Amino acid sequence: MRDVAIVAFAQTAHRRRTDELSEVDLLMPVLHEVLGATGLKANEIGFTCSGSADYLAGRAFSFTMALDGVGAHPPISESHVEMDGAWALYEAWVKIMTGEADTALVYSYGKSSPGEVRDVLTRQLDPYYLAPLWPDSVALAALQAQALIDAGDTDEAALASIAARSRADATTNPHAQLTGDVPAGDHLVHPLRTGDCPPIGDGAAAVILAVGETARALCARPAWIRGIDHRIEAHSLGVRDLTDSPSTRLAAQHAGAFERPVDTAELHAPFTSQEVVLRKALTLGDDTRVNPSGGALAANPIMAAGLIRLGEAAARIHRGESDRALAHATSGPCLQQNLVAVLEGETAHA
Amino acid sequence: MTDVLSAPLVVEFPFTRSLGPVQSAFLTGLRERTVLGVRTDEGTVLVPPVEYDPVTANELRELVEVAATGTVTTWAWNPSPRRNQPLGTPFAWVLVRLDGADTALLHALDAPGPDAVHAGMRVRIRWAATRTGAITDIACFEPYDGAAGPDEPAPHDGEFTDPVTGIVAAARLDYVHSPGRAQSAYLKALAGHRTVGERCPACRKVYVPPRGACPTCGIATAEQVEVGPRGTVTTFCIVNIKAKNLDIEVPYVYAHIALDGADLALHGRIAGIPYDQVRMGLRVEPVWAEGTAHPDHYRPTGEPDADYDTYKELV
Ligand SMILES: [Zn+2]
C-alpha cells in the first residue's frame with residue numbers, strides 16, 4: 001500500500017454572491033495558493049480532478065471553462081465528477097494508490113448565486129416519484145429533523161445550540177460566510193428555522209495530494225489519509241430510517257475510524273439536525289472537537305463544502321492542532337451519500 | 001460590480017422518460033385510483049414500488065394493491081409553498097405509510113396548520129381531478145378519521161387497459177447569469193463593433209473571446225487588446241443540413257477565423273462567396289447586422305490569401 005497525504009489546502013472567502021467572478025476567476029486564487037504552498041508547478045502535477053455541478057450554473061459542461069485555470073494545455077491527466085470535490089479527492093486517491101500518479105491537484109467550486117438553489121437541488125431527485133413534487137432541500141432536511149425530534153434524539157433548543165456553537169467557532173475562520181450571533185429566525189420549513197440552515201453562497205477549494213517521500217518533501221507535517229470510503233443509502237426516502245446513517249457508519253468502519261478515537265471531526269452537516277445523525281452514526285463523544293471551522297453552517301459552497309471538510313481536517317494536522325482527524329462529506333437529500341476519511345499526522349514516537 | 005453584465009437565463013426541459021413494468025403499473029394504477037406496491041423477497045411491501053430490491057438488488061415483479069389510507073411517519077410544515085409544489089397554500093410535507101405497505105411515500109398533506117399534524121396521524125389520498133399517470137395524480141393527502149384499510153395487501157396483476165409507458169418530466173429553472181469580468185468586457189466591446197481579447201502576461205498570447213485565464217499558463221489575463229476586424233480562415237466545414245429555427249439557406253460555410261492579432265481562432269459563418277470557393281487562408285471581415293450584438297457573418301475582404309505559415313499555429 002502507498003501512503004498518501006493531503007499536503008496543501010486552500011479555500012476562498014465564501015460570499016453570498018460573486019457576480020464579477022467567472023468560475024475560473026473564483027478558482028484561480030485557490031489553485032495558485034496550493035501550488036505556491038508546495039512549490040509545485042501546474043505541469044508537475046500527476047493528476048487533476050475536480051467536482052462541480054452544471055445545474056448550479058444552468059449551463060452544460062460548465063466545468064470545462066474552469067479548466068483554463070489549471071493550465072490544461074499542453075494536455076494533462078484530468079477527470080471530473082458531477083459531485084462534491086470530496087469524491088474528486090477519492091478518485092485522485094485511487095489514482096495515486098494504483099501507482100498512476102504521485103501527486104494530484106483536486107479542486108471544486110460552486111456558485112449558488114445564479115439560481116434558486118432550493119429549486120435547483122430538486123432536479124437531483126428521483127425523476128418519477130419525487131422531482132415532479134419539487135420537494136426542496138430544506139423541506140427534505142426538515143422531514144429528517146422532525147423524525148429525530150419524534151425519536152427523542154434532539155429538540156429545537158438542542159438544534160439551536162448546534163447552530164450557535166458552529167457560528168461562534170466560525171468567528172476564528174476568516175473564510176466563513178456566516179459567523180457570530182445569528183438569530184434562530186422563523187421556521188423556514190418546520191421544525192427547521194433559518195438559523196438551522198446553511199448560508200447560500202459561492203466558493204471554491206483546492207487540495208494537493210502526494211505520495212510517501214514526495215509528501216514529506218512538500219509539507220512539514222503531511223495529513224496522511226489512513227483510510228477513506230464512501231457509501232450510499234437506498235434512494236427512496238421512505239425506505240430509510242431517517243434518524244440514522246448506516247452508510248456513514250459503514251464508510252467510517254472501512255476507513256478505520258473506529259480503531260482509535262479521533263480528536264477532531266469535520267462533519268459535512270449543512271443542517272443542524274444532520275450533525276445529530278452523524279454524531280450518532282460515528283459514536284462521537286464530547287472528547288472529539290466537532291467542526292472547529294464552523295462547518296457547513298458557516299459556509300456551504302455547494303460541491304466544495306465536502307472537500308473543505310477534508311481540507312480543514314488536514315489543515316489542523318498541518319498546524320499540529322490535531323493528530324488524528326475524521327473528515328466527512330455528504331451529497332444528496334437527507335445524508336444520502338456519505339464519504340469518511342481518517343487523517344493522521346506522523347506518529348510521534350517516544 | 002456595475003461593469004459586469006447579467007441577464008436572465010431560463011433552462012427548460014421536457015425530459016421524456018420511459019417506465020419499467022413496475023413503475024408503469026404503479027403510475028397507471030394512480031390514474032385509475034389504485035395504489036400498487038411491490039413485494040420483496042423478504043415479504044415486505046414497498047410503496048412507491050421499485051423494480052429492484054434496495055437491499056438485495058434482485059428484480060421485483062410481484063405487485064400488490066394497498067389502501068388509499070395510511071399513517072404519517074414524519075412531517076415538515078411548509079409555510080411558504082414554492083412554485084410547482086403540490087399545494088399553493090401552506091401545507092405539510094409528509095412521509096405516509098399506506099395501509100398494507102411497509103415503506104412510506106413522500107407527498108403533501110393539506111392541513112390547517114402545524115398543530116394539526118403529527119406523526120401517527122391518519123390520512124387518505126385526495127385524488128387529482130384530472131389524472132394522467134403521474135405521482136401528481138395524488139393531489140395531496142388529507143386528514144382522515146375513518147376505518148383503516150386492510151393490513152394485508154391484495155395481489156394485483158398490474159394489468160390495466162391503455163397502460164402508461166412513459167412520463168414527461170417537465171422542469172424549468174430560472175437563473176440570472178453573469179459571465180464575469182472578462183466576458184462582460186468582450187460583450188460590451190462587441191456592442192460597439194469592436195473585438196477585444198486579453199493577453200497572457202506570461203506567454204503573451206492573445207485570447208479571444210477572453211475567459212479571464214490563459215489555459216496554457218493557468219494564470220489570469222487582464223491586459224485588453226483590440227484584435228481584427230479582419231482575419232484569416234484557418235479551417236472550415238460545409239453545413240448541408242438546415243437547423244431547426246435557423247433562417248440560413250444550406251449549404252453554407254462555418255469557419256474558424258483567426259482575427260488579426262489574436263492567438264486563438266473564433267468561429268463564424270462565411271457568406272458573400274459561393275460555399276465551394278471558401279478556402280483556408282481566405283481573408284475575411286465581419287458584417288454587422290443592424291441591432292445585433294455580434295457579427296452576423298464574415299465576408300471576403302478581397303485581399304490575397306494569407307500565407308499558410310502565418311496561421312498554421314492556429315489551425
Ligand atoms: Zn499564457
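Remember, predicted model here, so these are calculated numbers, not experimental data. Note on naming: letters A, B, ... go to the chains in the order of the sequence lines (proteins, then strands), and numbering restarts at 1 for each one. The figures here come from the full heavy-atom set of this structure, side chains too, leaving out hydrogens, waters and symmetry mates.
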Does any heavy atom of chain A fall under 4.5 Å from the side chain of B/Asn84, the backbone, both, or neither of them? both

Which atoms of B/Thr216 are under 4.5 Å from chain A, going by heavy atoms: the side chain, the backbone, both sets, or neither? both

Measure distances from A/Leu188 to the heavy atoms of chain B and classify the residue's part below 4.5 Å as side chain, backbone, both or neither. backbone

Polar side chain donor-acceptor pair, B/Asp41 to B/Asn58, under 3.5 angstrom: yes

Per-residue contact mode, B/Val94 against chain A (heavy atom under 4.5 angstrom): backbone

Between A/Ser247 and A/Glu233, is a side chain to side chain donor-acceptor pair (under 3.5 Å) present by the stated rule, with each step listed? CA-CA 6 Å; A/Ser247 58; A/Glu233 311 276 343; 2.5 Å; yes

Heavy-atom count check: over 12 atoms from other residues, nucleotides or ligands less than 6.0 Å from B/Arg126 CZ? yes

Determine the sole option in A/Asp153, A/Asp241, A/Asp244 for which the salt bridge (Lys or Arg N to Asp or Glu O under 4.0 Å) test with A/Lys280 is passed. A/Asp153

With the threshold set at 4.0 Å, does a side-chain nitrogen-carboxylate oxygen contact exist between A/Glu20 and A/Arg15? yes

pair A/Val117-A/Leu121: side-chain heavy atoms closer than 4.5 Å: yes

Where does B/Val11 contact chain A at under 4.5 Å (heavy atoms): side chain, backbone, both or neither? side chain

Could you look at B/Pro81 and say if it's the side chain, the backbone, both or neither that has a heavy atom under 4.5 Å from chain A? neither

Which bit of A/Asp25 comes within less than 4.5 Å of chain B, counting heavy atoms only: side chain, backbone, both or neither? side chain

Please tell me if the side chains of A/Leu31 and A/Tyr107 come closer than 4.5 Å, counting only heavy atoms from C-beta onward. yes

Any side-chain heavy atom of A/Phe47 sitting closer than 4.5 Å to one from A/Ile76? no

Contacts table for residues 66-73 of chain B: side-chain donor-acceptor under 3.5 angstrom, sequence neighbours left out:
unit_1	atom_1	unit_2	atom_2	d
B/Thr69	OG1	B/Asp99	OD2	2.5
B/Thr69	OG1	B/Gly149	N	3.4
B/Thr71	OG1	B/Arg122	NH1	3.0
B/Thr73	OG1	B/Leu95	O	3.2

A/Ala145 portion near chain B, given a 4.5 angstrom heavy-atom threshold: neither

A/Arg59 versus chain B, heavy atoms under 4.5 Å apart: side chain, backbone, both or neither? side chain

Tell me, do A/Arg193 and A/Glu156 make a side-chain contact under 4.5 Å, heavy atoms counted? yes

Please state whether the side chain, the backbone, both or neither of B/Leu173 comes within less than 4.5 Å of a heavy atom of chain A. side chain

Where on A/Leu242 is there a heavy atom nearer than 4.5 Å to chain B: the side chain, the backbone, both, or neither? side chain

Can you tell which part of A/Leu21 gets under 4.5 Å to a heavy atom of chain B, answering side chain, backbone, both or neither? backbone

Honestly, the part of A/Asp150 sitting under 4.5 Å from a heavy atom of chain B is side chain

Given a strict heavy-atom distance threshold of 4.5 Å, which part of A/Ala131 is in contact with chain B: side chain, backbone, both, or neither? neither

Identify which part of A/Ala147 has an atom lying under 4.5 Å from any heavy atom of chain B, answering side chain, backbone, both or neither. both

Measure B/Pro179 against the heavy atoms of chain A and call it side chain, backbone, both or neither at under 4.5 Å. backbone

Close side-chain approach of B/Phe26 to B/Val35, heavy-atom, < 4.5 Å: yes

What part of A/Leu125 is in contact with chain B, defined as an atom under 4.5 angstrom from a non-hydrogen atom: side chain, backbone, both or neither? neither

B/Tyr52, part contacting chain A, at a heavy-atom distance under 4.5 Å: neither

Inter-chain contacts: residues 107-121 of chain B against chain A, heavy atoms under 4.5 Å: B/His107, B/Ala119

For a quick check under 3.5 Å, do A/Asp196 and A/Thr272 share a side-chain donor-acceptor pair by atom type? yes

Which bit of A/His187 is near chain B, if near means a heavy-atom gap under 4.5 Å: side chain, backbone, both or neither? backbone

So that I can tick it off, tell me whether B/Asp174 and B/Arg83 are bridged by a salt bridge, with the cut-off set at under 4.0 angstrom between side-chain N and carboxylate O. yes

side-chain contact (heavy atoms from CB on, under 4.5 Å) partners of A/Ser52, counting only residues at least two apart: A/Phe63, A/His80, A/Tyr109

List, one per line, each side-chain donor-acceptor pair under 3.5 Å for residues 207-214 of chain B, sequence neighbours excluded.
unit_1	atom_1	unit_2	atom_2	d
B/Arg211	NE	A/Asp68	OD2	3.0
B/Arg211	NH2	A/Asp68	OD1	3.2
B/Arg211	NH2	A/Asp68	OD2	2.8

Which bit of A/Val24 is near chain B, if near means a heavy-atom gap under 4.5 Å: side chain, backbone, both or neither? side chain

Non-hydrogen side-chain atoms of B/Arg82 and A/Trp134 separated by less than 4.5 Å: no

